[in-house]
There are 2 protein chains.
Amino acid sequence: MKNSQLYKGSLTTIVMTLLGENGRMYGYEITQKVKEITKGELKITEGALYPALHKLEAEGVLEVEIENVDNRLRKYYKLTEKGTTETVNRLAELEDFIRNMQALVQPKLDTI
Amino acid sequence: MKNSQLYKGSLTTIVMTLLGENGRMYGYEITQKVKEITKGELKITEGALYPALHKLEAEGVLEVEIENVDNRLRKYYKLTEKGTTETVNRLAELEDFIRNMQALVQPKLDTI
DNA sequence: TTTATTACATAAGATTATTATGTATATAGA
DNA sequence: TCTATATACATAATAATCTTATGTAATAAA
């Protein structure tokens, strides 16, 4: 996940948001989508992603559909009803977070 | 630090930026300043702040001046030369981070 | 005199991520 | 054909960071 520590804590928000936008996705697809959207600046590692997906599933935020495509396993994840509600909250928190961070660094950011 | 996980990883960036803006500050002052700027939305806990300050000092990012004010100890921290350079990098990383998070959350806006 | 505020500190435990490793199939290129 | 790369999942050891709880101690307010 790059050099920056800042992405720590943002993984589940990213995953839930992407699932909210795209309906359903499988793990590998999520890593590629994130890489594409951030132009390679953010690379989700498998060691972080898969345990996170399992945890979200265990919490009832995601549900999974296993499919076999080209003789290869795929686990499609999508938001549950609970997950959709949580995602709305997460997005509100992200907005607050960004606003607060900008307020904290405002004067310096303008000079870059 | 509120309910949101998003602030994880942002503590040192916040501390370094505030010190860059204010010259020198002591720990308790930092907690109050952050609370003030974020209107109470972000509360830096002491258990997170003090170890972080000690680590930054050990890394040569911060230097400390101990003073006695009203018979009470104060440890003023300020950026070293190295710390100032690092802070510029941190702010650039923060900008990238915010830009990437916004792109991930609003992919449709990018195509307009 | 009790509570809240100021001001530092650390330790146990939880959470999260990195790094390394493993399995397995498919495909492209030398 | 062999090798490397891509696809697609997974886990375990370790590292880093934060929360929660606790501790010391002085000042100020109720």
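If you're wondering where the values come from, they're calculated on a predicted model, not measured in any experiment. Numbered from 1 within each chain, the chains take letters A, B, ... in sequence-line order.
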**Which nucleotide in D:dC9, C:dA17, D:dT20 has an atom nearest any side-chain atom of A:K8** = C:dA17
**Item:** Aromatic ring proximity B:Y26/B:Y77, centre distance under 6.0 Å
**Value:** no
**Prompt:** Taking only side-chain nitrogens and oxygens of B:T45, does any of them come within less than 4.0 Å of OP1 or OP2 of D:dC18?
**Reply:** no
**Message:** Test of understanding: with side-chain hydrogen bond (donor to acceptor under 3.5 Å, both in side chains), list the residues that count as partners of B:K78, not counting sequence neighbours.
**Reply:** B:E65
**Complete:** Contacts of B:Y77 and A:L49 projected onto DNA chain C by closest heavy atom; the upstream (5') one is B:Y77
**Item:** N/O (side chain, A:Y26) to phosphate O (OP1/OP2, D:dC9) under 4.0 Å
**Value:** no
**Request:** With a 4.0 Å heavy-atom cut-off, tell me which residues in residues 50-69 of chain B come close to DNA chain D, sorted by residue number.
**Result:** B:K55
**Message:** Using the side-chain hydrogen bond (donor to acceptor under 3.5 Å, both in side chains) criterion, which residues pair with B:T12? Sequence neighbours excluded.
**Reply:** B:R90
**Nearest-nucleotide pick for B:Q5, side chain only, options being C:dT16, D:dT19, C:dA17** = C:dT16
**B:R74 and B:E29 ion-paired at < 4.0 Å** = no
**Request:** Would you list the pairs meeting ring-ring contact (aromatic ring centres under 6.0 Å, His included) in which at least one residue belongs to residues 30-58 of chain A, sequence neighbours left out?
**Result:** none
Shorter than 3.5 Å, N or O on both sides, protein versus nucleotides 21-30 of chain D: list them out with atom names.
| unit_1 | atom_1 | unit_2 | atom_2 | d |
| --- | --- | --- | --- | --- |
| D:dT27 | O4' | B:R72 | NH2 | 2.7 |

**Asked** How would you list, by chain and number, every residue that makes a side-chain hydrogen bond (donor to acceptor under 3.5 Å, both in side chains) with A:E67, sequence neighbours excluded?
**Response** A:R24
**Prompt:** Does B:Q32 or B:K75 map to a spot on DNA chain C nearer the 5' end, using the closest nucleotide for each?
**Reply:** B:Q32
